[in-house]
Amino acid sequence: QVQLVESGGGLVQAGGSLRLSCAASGRTFSSLAMGWFRQAPGREREFVAFISGSGTATQYADSVNGRFTISRDNAKNTGSLQMNTLKPEDTAVYYCAAKIGLGRITGERDYNYWGQGTQVTVSS
């Protein structure tokens, strides 16, 4: 079993930055690929970013590409999402997720484990 705990959410003005962290336990961290998703009120959960277990491969949703950066530190069993130039439409609960093995990476069902989420609110 894998446990994921997000932190770092909060309230920020448009144009500002936040850094989310995801602490993992329960399995060799480097064996897990990681993703970040978000869910705004009244909307479905959507893919934000992905990073492979080694950290050498990343992928982003078009809406955040160039503003967000996903990273990981396998020695510390943590993953991060650096969010810059935040917009009000980035407001959502952000979830860290982990998956075993290869395959699809942008769907909720592609991931085996989920954190509890952290709220990000961007004011205009």
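Each residue takes its place number in the sequence, starting with 1.
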When you measure from the side chain of N74 to the backbone N and O of S54, does any donor-acceptor pair fall under 3.5 Å? no
Pi-cation contact, Y95 with R45 (under 6.0 Å, within 45°)
yes
Fill in: Test item: D90 and M83 side chains (from C-beta on) under 4.5 Å apart, heavy atoms
no
S25 meets the side chain to side chain donor-acceptor pair (under 3.5 Å) criterion, sequence neighbours left out, with Q3
Indicate, with yes or no, if W36 and V12 share a hydrophobic cluster defined by side-chain heavy-atom contacts under 4.5 Å among Ile, Leu, Val, Met, Phe, Trp and Tyr. yes
Without swapping roles, check the side chain of T91 against the backbone of T121 for a donor-acceptor pair under 3.5 Å.
no
Look at the side chain of E6 and the backbone N and O of T118, then say whether any donor-acceptor pair between them is shorter than 3.5 Å. no
Validation row: T58, F50 side chains within 4.5 angstrom (heavy atoms):
no
Rounded to the nearest 0.5 angstrom, the CG-CG distance for L4 and N77 is 10.5 Å
Distance col, row S124:OG vs Q13:CD, nearest 0.5 angstrom, shows 9.5 Å
- Linking I/L/V/M/F/W/Y whenever any side-chain heavy atoms sit under 4.5 Å apart, do M34 and I105 land together? no
- Message: For the backbone of T85 and the side chain of R67, can you confirm whether one donor and one acceptor N or O come within less than 3.5 Å of each other?
- Response: yes
Would you indicate whether the side-chain heavy atoms of V48 and Y60 approach each other to under 4.5 Å? no
For residues 101-115, the side chain to side chain donor-acceptor pair (under 3.5 Å) pairs (sequence neighbours left out) are none
Shortest non-hydrogen pair, Q82 vs S17, comes out as NE2-CB, 3.9 Å
Residues 16-29 vs salt bridge (charged side-chain N to carboxylate O under 4.0 Å, His left out), sequence neighbours excluded, gives none
OG (S80) and CD1 (I70) are apart, to the nearest 0.5 Å, by 9.0 Å
### Sidechain-backbone polar pair: R72 side chain, S52 backbone, donor-acceptor under 3.5 Å
yes
Using the ring centroid of each side chain, check whether F47 and F37 are separated by less than 6.0 Å. yes
